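In what follows, a structure is listed as structure tokens, so that the remarks can point back to it.
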Amino acid sequence: MDINKSILYVTTIGNVELESMLTGVAYLEQAEGLPKNLKILEDATFAKAVFKLSEIEIITEQLDIVIKKYSSIRHAVVHSDPTNTAYTILASMMIKHPNYSLKVFSTKDAAEHWLSMFP
């Protein structure tokens, strides 16, 4: 966590399964001391989504529950793999809560710039 920028930096590598995604969501639910207007910069450049397309709905349903703990979550994900990019875009369209924004980027600089636009 970068206190000066209020950004939670996360690095995801290797194969990413449904369980690891749900563990990340559970962390957001259980973590204490994170800002109520949470900004996440996830570097998933070297990650490979191996969960099923149909499991994205399970993840987004859990996110819709967790978001209620926060005023807002801005989640920037950096991908280099086209499949991962497509999964992230699909997930962003499936999230129902208006206070959760998920965007995919090709560079950390672009992701950080987007996050800097929010208080």
Side-chain angles (χ1 to χ4, degrees):
M1 181 79 190
D2 183 329
I3 300 300
N4 295 326
K5 296 179 183 176
S6 299
I7 296 175
L8 175 64
Y9 288 89
V10 177
T11 301
T12 305
I13 59 173
N15 289 338
V16 179
E17 300 175 348
L18 175 63
E19 282 305 312
S20 59
M21 293 294 294
L22 294 178
T23 298
V25 173
Y27 170 78
L28 294 177
E29 183 174 31
Q30 298 164 2
E32 297 296 325
L34 292 176
K36 290 297 179 187
N37 290 309
L38 181 61
K39 295 185 258 182
I40 304 167
L41 196 161
E42 180 179 357
D43 182 355
T45 305
F46 300 105
K48 175 71 175 149
V50 294
F51 51 88
K52 297 175 185 166
L53 189 61
S54 61
E55 293 174 325
I56 293 174
E57 186 172 6
I58 296 167
I59 299 162
T60 58
E61 287 173 353
Q62 289 302 305
L63 280 169
D64 281 336
I65 294 167
V66 171
I67 183 62
K68 294 173 183 151
K69 177 181 175 181
Y70 298 90
S71 298
S72 68
I73 296 178
R74 307 292 184 229
H75 188 170
V77 183
V78 180
H79 282 305
S80 60
D81 179 81
T83 300
N84 293 356
T85 299
Y87 274 31
T88 303
I89 292 169
L90 181 59
S92 72
M93 294 187 309
M94 294 174 72
I95 294 170
K96 297 175 181 89
H97 203 287
N99 292 340
Y100 185 97
S101 294
L102 174 63
K103 299 270 185 191
V104 65
F105 296 89
S106 59
T107 68
K108 285 189 247 181
D109 286 343
E112 199 167 62
H113 175 74
W114 177 72
L115 288 171
S116 73
M117 297 188 314
F118 300 99

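These figures come from a predicted structure and were not determined experimentally. Start at 1 with the first residue, then count along the sequence.
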Is a donor on one side and an acceptor on the other found under 3.5 Å between the side chain of [X] and the backbone of [Y]?
{"X": "Lys39", "Y": "Ser6", "value": "no"}
{"X": "Asn84", "Y": "Ala49", "value": "yes"}
{"X": "Lys108", "Y": "Glu42", "value": "no"}

Quick one: are Lys48 and Thr83 in side-chain contact, heavy atoms under 4.5 Å?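 Counting from C-beta outward, Lys48 and Thr83 do come under 4.5 Å.
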Minimum-distance pair of heavy atoms, taken over all atoms of [X] and [Y]:
{"X": "Val25", "Y": "Ile59", "result": "CG2-CG2, 4.4 Å"}
{"X": "Glu55", "Y": "Leu18", "result": "OE2-CD2, 3.6 Å"}
{"X": "Val16", "Y": "Ala47", "result": "CG2-CB, 3.9 Å"}
{"X": "His79", "Y": "Thr85", "result": "CB-OG1, 3.5 Å"}
{"X": "Ala44", "Y": "Val77", "result": "CB-CG1, 4.1 Å"}

Rounded to the nearest 0.5 Å, what's the gap from [atom1] on [X] to [atom2] on [Y]? Could you check?
{"X": "Gln62", "Y": "Glu29", "atom1": "CD", "atom2": "CD", "answer": "7.5 Å"}
{"X": "Ser71", "Y": "Leu38", "atom1": "OG", "atom2": "CG", "answer": "10.5 Å"}
{"X": "Ile67", "Y": "Ile73", "atom1": "CD1", "atom2": "CD1", "answer": "3.5 Å"}
{"X": "His97", "Y": "Ile65", "atom1": "NE2", "atom2": "CD1", "answer": "11.0 Å"}
{"X": "Leu115", "Y": "Lys103", "atom1": "CG", "atom2": "NZ", "answer": "11.5 Å"}
{"X": "Arg74", "Y": "Ile7", "atom1": "CZ", "atom2": "CD1", "answer": "13.0 Å"}

Should [X] and [Y] be counted in the same cluster of Ile, Leu, Val, Met, Phe, Trp and Tyr side chains packed under 4.5 Å apart?
{"X": "Val50", "Y": "Leu22", "result": "no"}
{"X": "Phe51", "Y": "Tyr27", "result": "yes"}
{"X": "Phe118", "Y": "Phe105", "result": "yes"}
{"X": "Met21", "Y": "Leu53", "result": "yes"}

Within a reach of under 6.0 Å around CD of Glu61, are more than 12 heavy atoms found that belong to other residues, nucleotides or ligands?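 Atom CD in Glu61 is packed in, count exceeds 12.
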Are there over 12 heavy-atom neighbours, none belonging to Phe46, within less than 6.0 Å of that residue's CZ?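 Atom CZ in Phe46 is not packed in, count stays at 12 or less.
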Evaluate the side chain to side chain contact (heavy atoms under 4.5 Å, CB included) criterion for residues Lys69 and Leu28: first the C-alpha distance (whole Å), next the side-chain angles of each, then the deciding distance (0.1 Å), finally the verdict. CA-CA 9 Å; Lys69 177 181 175 181; Leu28 294 177; over 6 Å; no
Ile56 vs Tyr87, test: side chain to side chain contact (heavy atoms under 4.5 Å, CB included). Steps then yes/no. CA-CA 8 Å; Ile56 293 174; Tyr87 274 31; 3.9 Å; yes
Quick one: which of Leu102, Leu90, Ile95 gives a side-chain contact (heavy atoms from CB on, under 4.5 Å) with Thr60?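 Of the listed residues Leu102, Leu90, Ile95, the side-chain contact (heavy atoms from CB on, under 4.5 Å) partner of Thr60 is Ile95.
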Please verify the inter-ring angle class for Tyr100 with His75; under 30° counts as parallel, over 60° as perpendicular, anything in between as tilted.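 The arrangement is perpendicular - the two ring planes meet at more than 60°.
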Would you check if there is a donor-acceptor pair between the side chains of Thr45 and Asp43 at a distance under 3.5 Å?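 Yes, because at least one side-chain N or O of Asp43 sits under 3.5 Å from a partner of the opposite role on Thr45.
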